[in-house]
Amino acid sequence: MTKLTVNIDHVATVRQARRIDKPDPVWAAVLAELGGADGITAHLREDRRHVSDRDMRILRQTVKVPLNMEMGLARDIIEIALEIVPDFVTLVPENRQEVTTEGGLDVAGGIGKVKDAIGRFSAKGIPASLFIDADERQIEAAAEVGAWAVEIHTGRYADAANPRERESVLEAIGNAAVSAAAKGLRVHAGHGLDCMNVSAIAAIPQVSELAIGHSIIGRAIMIGMVEAVREMKRLIEAASCR
Ligand code: PXP
């Protein structure tokens, strides 16, 4: 069954709009678990625009399902991850101007840097997943640097302008999933997934885990966090059992 990892960053985004202490993403993580989340993701950005160091540390102590720390390759963030020891890390490119993570990590263009970081995580027993585009060159590079998993970027699929484009991106994601799995990498996928588009990605047999944030937090505002996670879980389960 395809797993669902819930990204709680945007609960922190709402908190930071007022720079006070609520809503608390730690509380949201508890409710996401009650709704059936198989994992919790939080992205500690260099600019700390949403999740804070305090959030990461308390999440580490309270989250019972696997905790995924999403992060760029900045030295101080790597040090924090090594200290917190999440269940796994997902390495992403980070750019201060971006609204959200825009493209995949250029592993092929930065083999040395990524390999060094993965080596440091491995020494602490922390598996590393790499957020990459559905691109064979990046998959080969991910295998070369010793990644544990790849998370295939589904943003272009979610944002496709028409059904033909969506089909073609979906095919590329499917091929990338097959190729990554054949190289011994676990395959995750995420970005831009919602109730309307999740099924086709959840149905890709090699995809073992989906990382979903914005749409679940958006639904949670309307119907509550527990129910928003349950709703997504039902859709993923129906699609991955097909
Ligand atoms: N995976 C990664 C690597 C991301 O950066 C994000 C966005 O924070 C997500 C998944 C979740 O994307 P969304 O919020 O669009 O569901």
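We count ligands from 1, going down the list as the structure has it; atoms in each ligand are counted the same way.
- Classification of the Trp148-His188 ring pair by plane angle, with boundaries at 30° and 60°, yields perpendicular.
- When each atom of ligand 1 is checked for a heavy atom of Val92 under 4.0 Å away, the hits are 3 (C).
- Contacts of His153 with ligand 1, taken as heavy-atom pairs under 4.0 Å, are absent altogether.
- Interface atoms of ligand 1 facing Asn7, defined by a heavy-atom separation under 4.0 Å, are 8 (O).
- The distance from atom CD1 of Ile40 to atom CD1 of Ile8, rounded to the nearest 0.5 Å, is 7.0 Å.
- Considering backbone and side-chain atoms together, Glu70 places an N or O closer than 3.5 Å to an N or O of ligand 1.
- In this structure, Lys3 places its NZ atom where only 12 or fewer heavy-atom neighbours from other residues, nucleotides or ligands lie under 6.0 Å away.
- Within the 4.0 Å heavy-atom cutoff, His191 counts among the residues contacting ligand 1.
- Atoms of ligand 1 found under 4.0 Å from any heavy atom of Glu151, numbered from 1 in the order shown, are 1 (N), 2 (C), 3 (C), 10 (C).
- Set against the non-hydrogen atoms of Gly213, the atoms of ligand 1 under 4.0 Å away are 11 (C), 13 (P), 14 (O), 16 (O).
- Classified by interplanar angle (parallel below 30°, tilted 30° to 60°, perpendicular above 60°), the ring pair His10/His50 is perpendicular.
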CA sep, side-chain torsions, deciding dist, call: Arg49, Asp9, salt bridge (charged side-chain N to carboxylate O under 4.0 Å, His left out): CA-CA 9 Å; Arg49 74 167 69 145; Asp9 293 351; over 6 Å; no
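- With sequence neighbours left out, the ring-ring contact (aromatic ring centres under 6.0 Å, His included) criterion links Phe121 to no other residue.
- Of the candidates Gly192, Gly155, Ala211, it is Gly192 that places a heavy atom closest to atom 15 (O) of ligand 1.
- Those atoms of ligand 1 with a heavy atom of His214 less than 4.0 angstrom away are 13 (P), 14 (O), 16 (O).
- With values rounded to the nearest 0.5 angstrom, Leu105 atom CG is found 11.0 Å from Thr90 atom OG1.
- Any N or O atom pair closer than 3.5 Å counts here, and Ile212 shares no such pair with ligand 1.
- At a heavy-atom cutoff of 4.0 Å, ligand 1 is contacted by no atom of His43, backbone or side chain.
- The shortest N or O to N or O distance between His10 and ligand 1 is not under 3.5 Å.
- Taking 4.5 Å as the limit, some side-chain heavy atom of Asn197 sits within range of a side-chain heavy atom of Arg166.
- Between Ser215 and ligand 1 there is no heavy-atom distance shorter than 4.0 Å.
- Using a 4.0 Å cut-off between a side-chain N of Lys or Arg and a carboxylate O of Asp or Glu, Arg120 and Glu79 qualify as a salt bridge.
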